[in-house]
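Single-structure report; data block below.
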Protein chains: 2
Amino acid sequence: MSEPDAHIPDATVARLAAYLGVLTRLSDQGVTTVSSNELAEAAGANPAQLRKDLSHLGSYGVRGVGYDVAYLLVQLDQHLGAGPDVPVIIVGVGNLGRALVNHAGFSSRGFRVVGLVDSDPALAGERVEGLPIAPESALEELIAQTGASIAVITTPGQAAQSVTDRLVASGITGILNFAPAALSVPDSVTVRKVDLGSELQILAYHHRRGPASRTAVEPITASLPPVAASQVEPSQNVSVPKP
Amino acid sequence: MSEPDAHIPDATVARLAAYLGVLTRLSDQGVTTVSSNELAEAAGANPAQLRKDLSHLGSYGVRGVGYDVAYLLVQLDQHLGAGPDVPVIIVGVGNLGRALVNHAGFSSRGFRVVGLVDSDPALAGERVEGLPIAPESALEELIAQTGASIAVITTPGQAAQSVTDRLVASGITGILNFAPAALSVPDSVTVRKVDLGSELQILAYHHRRGPASRTAVEPITASLPPVAASQVEPSQNVSVPKP
DNA sequence: CTTTGTGAAGTCGTTCACAGCG
DNA sequence: CGCTGTGAACGACTTCACAAAG
């Protein structure tokens with residue numbers, strides 16, 4: 001299975017994104033070669049799993065040596081990336097929305113926040129990190145002008161579904177949802193949900209079980225409920241066992 | 001399996017946390033009864049899965065009727081929760097850290113941010129939402145004084161591991177990690193990782209596959225790599241198919 | 001001799017479908 | 001008669017272990 005176009009499991013895609021991040025850092029550090037052992041450890045994964053994940057894309061390693069960082073980086077980018085400067089808009093400019101405008105993790109991956117929208121008229125026109133906040137009525141226009149196909153929702157839960165419907169109608173195909181609500185979208189749209197409150201709740205649960213229980217957590221891109229639709233929870237977890 | 005103490009799969013725990021959030025909202029709205037169908041839809045899950053999840057805790061429903069919202073809420077709280085006002089500290093007071101200090105999703109779940117730490121001396125003493133920023137040297141003291149057992153890391157990636165080591169040494173048992181780094185911790189500590197850059201990358205991947213491919217995303221508490229250790233990625237995703 | 005790539009086996013989680021109970 | 005609770009079937013992901021390649 002070295003052919004590129006086959007179906008790639010969701011769990012694998014999530015890990016590939018993590019590998020990409022690690023590779024970018026290694027490349028910046030001047031590292032030229034990595035073995036599956038090294039890369040897996042840096043990404044919090046299992047070496048065998050990493051090799052299998054990579055095998056979905058093709059054979060980019062050299063037996064007896066490992067992987068060329070620069071080359072693998074390019075290959076991963078071609079499979080996952082959408083080129084540099086992918087436009088993203090943020091809907092809901094509260095504390096969280098503001099914090100994400102210049103988020104380093106976004107820009108380092110080639111994403112750029114090109115638009116902000118908020119329903120509060122008092123915010124219209126205000127600038128955050130140099131970017132003006134558009135009124136909610138300008139949502140469709142903003143998407144058309146910026147060409148964004150990915151949106152981040154940081155509104156209160158009750159506003160999330162109506163915003164989502166408008167985003168979808170305007171051609172958005174990927175949504176990162178921080179609002180505490182299950183979004184309903186067509187199968188053609190992918191949703192990943194990040195529920196920070198649930199994250200702490202999960203940590204509290206493990207704590208209550210006592211320091212003795214070593215219940216593994218979910219890996220970043222562990223397993224997902226493979227459904228035809230596309231609501232995903234970003235709360236992926238990665239278990240880091242001690243091999 | 002109606003006995004409480006059995007082992008609960010990580011995937012289930014993550015969903016239970018989501019159910020808890022939905023139930024709280026329903027309760028606030030005055031809803032007194034829900035069926036597995038209704039609750040599952042609101043949480044973005046499958047009715048059968050929800051019933052199975054709940055069965056890990058016991059039989060709290062009434063056949064032919066559904067679940068009593070208030071009662072189920074209490075039961076879930078007892079299994080997941082750690083009581084009201086669970087203390088949490090945040091290490092790394094950048095944009096993201098500041099945004100999380102008064103995050104509504106935290107307080108509504110009973111968590112309260114009681115301490116802030118940053119390595120930048122220039123920030124020491126500054127207040128965020130009324131809470132003073134402590135110097136890094138006071139980390140251990142802060143944990144001892146507040147009794148926090150859960151920490152949120154929002155530092156740059158390179159600082160994450162050293163901070164983690166100190167947190168663990170001070171008795172922290174749960175870590176929510178936003179830094180782009182795989183943390184190494186003992187089995188007794190649970191780590192959940194949220195990598196926002198990877199989240200967008202995953203969305204971009206699905207976009208590239210064209211609107212035709214309805215690759216399901218990972219469910220919030222889908223499958224995890226069950227390891228003895230406890231590094232989890234919060235990037236859980238939930239697929240929301242159209243039943 | 002080292003490290004990749006991968007079929008096969010094993011494990012875990014989700015979905016089905018119905019018995020059980022109100 | 002409706003809806004829950006659950007054993008059993010199914011499917012997916014992970015881990016193993018080794019052949020192949022450099």
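All values reported here derive from a predicted model rather than from experimental measurement.
Distance from the side chain of B:Tyr67 is smallest to D:dT4 among D:dT4, C:dT6, C:dT14. When each of D:dC16, C:dT4, C:dC16 is scored by its nearest atom to the side-chain atoms of A:Ala48, the top-ranked nucleotide is D:dC16. Side chain of A:Ala11, nearest nucleotide from D:dC13, D:dG5, D:dA17: D:dC13.
Within 4.0 Å (heavy atoms only), B:Asn37 reaches no atom of the nucleic acid at all.
For A:Glu38, the side-chain contact (heavy atoms from CB on, under 4.5 Å) partners two or more places apart in sequence, or in a different chain, are A:Val34, A:Ser35. Among residues two or more places apart in sequence or in another chain, the salt bridge (Lys or Arg N to Asp or Glu O under 4.0 Å) test is passed with A:Arg166 by A:Glu140. Scored by the salt bridge (Lys or Arg N to Asp or Glu O under 4.0 Å) test, B:Arg112 finds B:Asp85 as partners (sequence neighbours excluded). Here B:Ala40 pairs with B:Pro47, B:Leu50 under the side-chain contact (heavy atoms from CB on, under 4.5 Å) rule; sequence neighbours left out. Take B:Ser149 and apply the side-chain contact (heavy atoms from CB on, under 4.5 Å) test, not counting sequence neighbours, and it matches A:His207, B:Thr173. Scanning for side chain to side chain donor-acceptor pair (under 3.5 Å) contacts around B:Glu41 gives an empty result, with sequence neighbours left out. Residues passing the side-chain contact (heavy atoms from CB on, under 4.5 Å) test with A:Asn46 are A:Ala48, A:Gln49, sequence neighbours excluded.
Looking only at side-chain heavy atoms (C-beta outward), B:Ile175 and B:Leu183 come within less than 4.5 Å of each other.
Summary of helix geometry: the two end axes of the helix from C:dC1-D:dG22 to C:dG22-D:dC1, each defined by five base pairs via their C1' atoms, are inclined to each other by 10° (rounded to 10°).
The side chain of B:Ser36 contributes no N or O atom lying less than 4.0 Å from OP1 or OP2 of D:dC3. For D:dC13, neither phosphate oxygen OP1 nor OP2 lies less than 4.0 angstrom from any side-chain nitrogen or oxygen of A:Arg15. At the phosphate of C:dT14, neither OP1 nor OP2 sits under 4.0 Å from any side-chain N or O atom of B:Asn46.
If you measure from atom CD of B:Gln49 to atom P of C:dT15, you get 5 Å, rounded to the nearest angstrom.
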Contact list (N/O, under 3.5 angstrom) for nucleotides 20-22 of chain C vs protein:
{"unit_1": "C:dG20", "atom_1": "N3", "unit_2": "B:Arg63", "atom_2": "NH1", "d": "3.0"}

